[in-house]
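Structure, as structure tokens:
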Amino acid sequence: MMRLISGTFPSVKLRDHNPISKSKTSKAISSSSSSQQKSKVSNPKSWSVYLILSTNEPIKTYVGITTDFARRLKQHNGEIKGGAKASSAGRPWLCACIITGFTCLSQASSFESKWKIFTRKSPRRKRDEEMSQSEALLQHRRRALDKLHDSFECSHLQTDWKIVTR
């Protein structure tokens, strides 16, 4: 007997040597997977990579991915359940940048990872006396994002900076 753990991964729990039940089960699995494929095609998710900025000490930034940014920001700010443990300090958070145009989770995850790597590897510049810590952090992230855009094909992506830096 087959039992579905999820729509993608069936799990064999008990073996049933009755060919009638096997054919019924395989038909159920194939019909459920085909309906899931149809729903994926008719309802494509648009993935986004976002940058948020903390407003309380310690001032820091956070890069993440989501299909629903408004919900995700509420999670980071503790208004609804969920959110990353790393973002619990520094609440409330503000949206600094949203990059849209990713068609799948894999593209968005890869971009997010590369942005974080470019940020870590790029040298930090000395902060001007007039520049706030948040401006310095955003400029650092922006320089890393610019290098990422120069290194990879990103023409299909739309970048929307919500907080303007000098």
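Between Thr66 atom OG1 and Glu112 atom CD the span is 11.0 Å, to the nearest 0.5 Å. Between atom OG1 of residue Thr119 and atom CZ of residue Arg124 there is a gap of 8.5 Å, rounded to the nearest 0.5 Å. Here the straight-line distance linking atom CE of Met131 with atom CG of Leu137 works out to 10.5 Å at 0.5 Å rounding.
A donor-acceptor pair is defined here as one N or O able to donate and one able to accept, closer than 3.5 Å; no such pair exists between the side chain of Ser113 and the backbone of Ile117. Judged purely by atom type and a 3.5 angstrom limit, Gln139 has no side-chain atom pairing as donor or acceptor with the backbone of Ala136.
Here the closest non-hydrogen pair linking Ser54 and Pro58 is OG-O, 3.2 Å.
With no hydrogens or angles considered, a side-chain donor-acceptor pair links Thr61 and Arg141 at under 3.5 Å.
Counting heavy atoms of neighbouring residues, nucleotides and ligands inside a 6.0 Å radius, atom CZ of Arg125 does not exceed 12 of them.
At a threshold of 4.5 Å between non-hydrogen side-chain atoms, the residues Ile99 and Trp115 count as touching. The closest side-chain heavy-atom distance from Asp160 to Cys97 is not below 4.5 Å. No side-chain heavy atom of Ile65 sits under 4.5 Å from any side-chain heavy atom of Phe102. Put simply, the side chain of Lys60 reaches to within 4.5 Å of the side chain of Trp93, judged on heavy atoms. Phe118 has its side chain out of reach of Leu145: every pair of non-hydrogen atoms, C-beta onward, lies at least 4.5 Å apart. Contact annotation: the side chain of Ile52 approaches that of Leu73 to within less than 4.5 Å [non-hydrogen atoms, C-beta and beyond]. Side-chain contact between Cys154 and Phe111 is present, with at least one heavy-atom pair separated by less than 4.5 Å.
Partners of Lys114 under the side chain to side chain donor-acceptor pair (under 3.5 Å) rule, at least two apart in sequence or in another chain, are Ser110.
No chain of hydrophobic side-chain contacts below 4.5 Å, direct or via other Ile, Leu, Val, Met, Phe, Trp or Tyr residues, connects Tyr62 to Val49.
Applying the side chain to side chain donor-acceptor pair (under 3.5 Å) test to pairs two or more places apart or on separate chains, those with a residue in residues 95-108 are Thr100-Gln158, Thr103-Gln107. For residues 74-87, every residue pair satisfying the side chain to side chain donor-acceptor pair (under 3.5 Å) rule, not counting sequence neighbours, is listed here: Tyr50-His76, Arg71-Gln75, Arg72-Gln75, His76-Ser87.
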- [ ] Using the side-chain contact (heavy atoms from CB on, under 4.5 Å) rule, take Ser48 and Phe69 through it: C-alpha gap first, then chi angles, then the decisive distance, then the call.
- [x] CA-CA 8 Å; Ser48 301; Phe69 179 73; 5.7 Å; no

Task: Verdict with reasoning, Thr159 to Ile98, per side-chain contact (heavy atoms from CB on, under 4.5 Å) - done: CA-CA 6 Å; Thr159 304; Ile98 298 178; over 6 Å; no

Task: Chi angles and distances behind the side-chain contact (heavy atoms from CB on, under 4.5 Å) call for Trp47, Leu105 - done: CA-CA 6 Å; Trp47 290 88; Leu105 172 63; 3.7 Å; yes

- [ ] Please assess Ser122 against His140 for the test side-chain contact (heavy atoms from CB on, under 4.5 Å), listing each intermediate value before the final yes or no.
- [x] CA-CA 8 Å; Ser122 60; His140 184 67; 3.2 Å; yes

